[in-house]
Structures are given as C-alpha cells and as structure tokens.
Amino acid sequence: MPFDFKKEYREFHKLLKNKGYVILQKSVYLKVMRDSRHIKSEMRMLEQNSPATGTVVAIQFGVNELNRIRTLSGEAFDMKYFADSLIIV
C-alpha cells in the first residue's frame, strides 16, 4: 500500500471512530442514526472526508434489518450495544 493511502485511511478511520462509528469487522463500520435529516448530514460529512483513493460505500437500512443480523461465528452482534442511541421496542 502506498504511504499516502495508508495515511488517508488512518485519518478516515480516526474520523469515523470520533464520530461514533462502531467497527463490525475490518473496514466495516456501523452507526445507528435516528432520522433522515441526521443521515443526510452524515452522508455529506462522509463524502467530504472520504479518502481520494480506495472505495467507500454507504448503505442505509432500518432498525428491522439491523435486528435481523445474525452472527454465524465470532462475537455476536447485539443491538443492545446501541441502547443509548436508539430505543428498541
């Protein structure tokens, strides 16, 4: 990996962590947001700060889809981790 790419990646990774993203696995981040206004704002921030090299993909889906995530091996995904950000009924 070229040095500039590594530096850009490290800076983007640090930004995501500071903005409250959780690492699900290497290079896969998750952040639960309450409403579409917050999502639009976050998408603008990601677009402005994504590295010039490499690929950044954002996928939006609802709480119902998150609740259907199943861990097949390794540490289990638990929506309770996000209890301070989201009310789950």
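Just so it is clear, the values below take in all heavy atoms, side chains as well, and ignore hydrogens, waters and symmetry mates. Worth saying up front: this structure is predicted, and the values here are computed from it rather than measured.
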What residues form a side chain to side chain contact (heavy atoms under 4.5 Å, CB included) with [X], not counting sequence neighbours?
| X | answer |
| --- | --- |
| Thr71 | Ala76, Phe77 |
| Ile59 | Val57, Phe61 |
| Gln60 | Ile39, Met43 |
| Thr53 | Phe5, Glu8 |

*Counting only N and O atoms by type, is there a donor-acceptor contact under 3.5 Å from the side chain of Lys31 to the main-chain atoms of Lys19?*
yes
*salt bridge (charged side-chain N to carboxylate O under 4.0 Å, His left out) partners of residues 45-55, not counting sequence neighbours, each pair once*: none
*Only pairs at least two apart or in different chains count here, so list each salt bridge (charged side-chain N to carboxylate O under 4.0 Å, His left out) that has a residue in residues 49-72.*
Glu65-Arg68
*Verify side-chain contact (heavy atoms from CB on, under 4.5 Å) between Leu16 and Ile23, making sure each step is shown before the conclusion.*
CA-CA 9 Å; Leu16 293 176; Ile23 302 170; over 6 Å; no
*Pairwise ring pair (Phe, Tyr, Trp, His ring centres under 6.0 Å) hits with a residue in residues 12-56, at least two apart*: His13-Tyr29
*Side-chain contact, heavy-atom cut-off 4.5 Å: Lys14 with Glu11?*
no
*Flag the pair Val22 / Val32 as yes when at least one side-chain heavy-atom distance between them is below 4.5 Å, and no otherwise.*
no
